[in-house]
Amino acid sequence: MNIEVLLTEAEIAHEFAEALEARDLPEKFFYWFPLSVRAWRELSQSEEHQPLNRAWNVIGEKAQSITRHFGKAVPVISFGAGDGSKDRALMQALRSAGRQVKYFPVDASQALLEIACADAEDDEIEVLGIKADISSPMHLMLASDAAESPKLFLMAGNTLGGFDPLEQVRHVADCLHAEDRLVIDGELYRPEALPAAAQTDAKKLAFAPLASIGVTEEDGQIRFEQKRDERHEGLYMITKRFHADRDLRVTVAAREIQMARGERIFMNFHYLYTPEAFRWLLEKKGGLEVLEQTLSPDGRFITAVCAKK
Ligand SMILES: C[S@@+](CC[C@H](N)C(=O)[O-])C[C@H]1O[C@@H](n2cnc3c(N)ncnc32)[C@H](O)[C@@H]1O
């Protein structure tokens with residue numbers, strides 16, 4: 001198994017301790033610990049998640065036409081690939097059509113990358129995992145240089161919504177050349193998204209980094225909140241905050257960190273969009289042309305096929 005490392009485990013451990021000191025844990029730490037990996041895989045295979053998995057199966061059926069102008073070879077670069085399960089159907093469809101797929105899953109989670117690489121190898125797809133920080137424009141660029149254009153970029157599982165999408169979409173779009181394509185999804189806003197986000201499997205995922213360093217549910221609780229992002233109509237976010245119910249002392253990367261009762265830790269968030277706001281992000285903030293946009297049958301997710309304008 002080949003994995004190129006732009007972001008080391010030591011760097012992630014150091015960043016985690018710094019983030020905990022700053023009381024602000026970004027998205028990548030929610031998929032890094034073994035407990036997080038287990039919680040994510042349970043959630044992504046749950047009933048709740050099936051409509052999105054089905055939406056990616058539909059994209060798989062269109063993969064041939066999306067990449068028709070590529071020639072025989074199709075390099076697939078997936079930003080925030082996770083265990084690669086959503087990318088897999090698409091690559092299998094391309095392979096069945098006789099295309100030569102080379103897969104580059106990009107992720108900060110070593111454990112998830114290993115699964116993505118192993119599954120691709122099982123499918124006899126040539127694969128090079130890239131362990132990188134996709135919030136870094138430099139890492140995105142280096143990862144996208146792993147293959148020659150034309151290439152197919154994927155960003156699945158509302159991965160864009162785990163970052164500031166106005167910034168992140170620009171950085172992702174900067175990686176595309178004229179003949180490249182990007183398939184990206186987003187979760188749509190609906191009033192009942194907040195209770196769904198706070199259901200048991202999702203709570204487990206949110207709590208996993210803290211549980212991994214010995215914090216228990218008696219030590220405090222996570223509160224979920226839904227907000228509007230006033231920068232543009234149709235942008236919403238679900239935020240999470242941990243509230244300590246008692247004084248805490250944890251040891252992370254050989255550093256002791258104390259937290260007083262009543263303190264809060266800002267945790268990861270995810271964005272939700274109206275269909276119009278999602279299109280606005282891609283076109284106006286990313287400078288992309290939306291070639292095709294599809295709603296999942298249950299109306300919860302949107303996928304777009306994009307090209308550089
Ligand atoms: C919501 S999951 C989606 C995973 C996969 N695409 C899917 O749909 O099943 C987000 C993925 O992005 C990765 N991720 C989050 N922040 C990251 C960062 N800063 N750098 C690299 N990967 C990151 C996580 O490890 C996780 O695998």
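Read the numbers this way: they start at 1 and go in the same order the structure lists the ligands and their atoms.
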| said: Among residues at least two apart in sequence or on other chains, which ones pass side-chain contact (heavy atoms from CB on, under 4.5 Å) with Ala260? | reply: Asp247, Glu263

| remark: Sorted by chain and residue number, the residues having a heavy atom closer than 4.0 Å to an atom of ligand 1 are Glu27, Lys28, Tyr31, Trp40, Gly80, Ala81, Gly82, Lys86, Asp107, Ala108, Ser109, Leu112, Ala132, Asp133, Ile134, Ser135, Ala156, Gly157, Thr159, Phe163

| field | Side-chain H-bond candidate by donor/acceptor type, Thr67 with Arg99, under 3.5 Å | value | yes

| said: Which residues pass the side-chain contact (heavy atoms from CB on, under 4.5 Å) test with Ala73, not counting sequence neighbours? | reply: Gln100

| message | Nearest 0.5 Å, please: how far is NZ in Lys308 from NE2 in His177? | response | 7.5 Å

| query | Considering residues at least two apart in sequence or located in another chain, which fulfil the side-chain contact (heavy atoms from CB on, under 4.5 Å) criterion with Arg190? | reply | Glu48, Glu187, Glu192, Ala193, Ala196, Arg300

| request: Begin with the C-alpha distance, continue with both residues' side-chain angles, and end with the deciding distance and a verdict on salt bridge (charged side-chain N to carboxylate O under 4.0 Å, His left out) for Glu233 and Arg228. | output: CA-CA 8 Å; Glu233 178 78 33; Arg228 285 182 62 154; 3.8 Å; yes

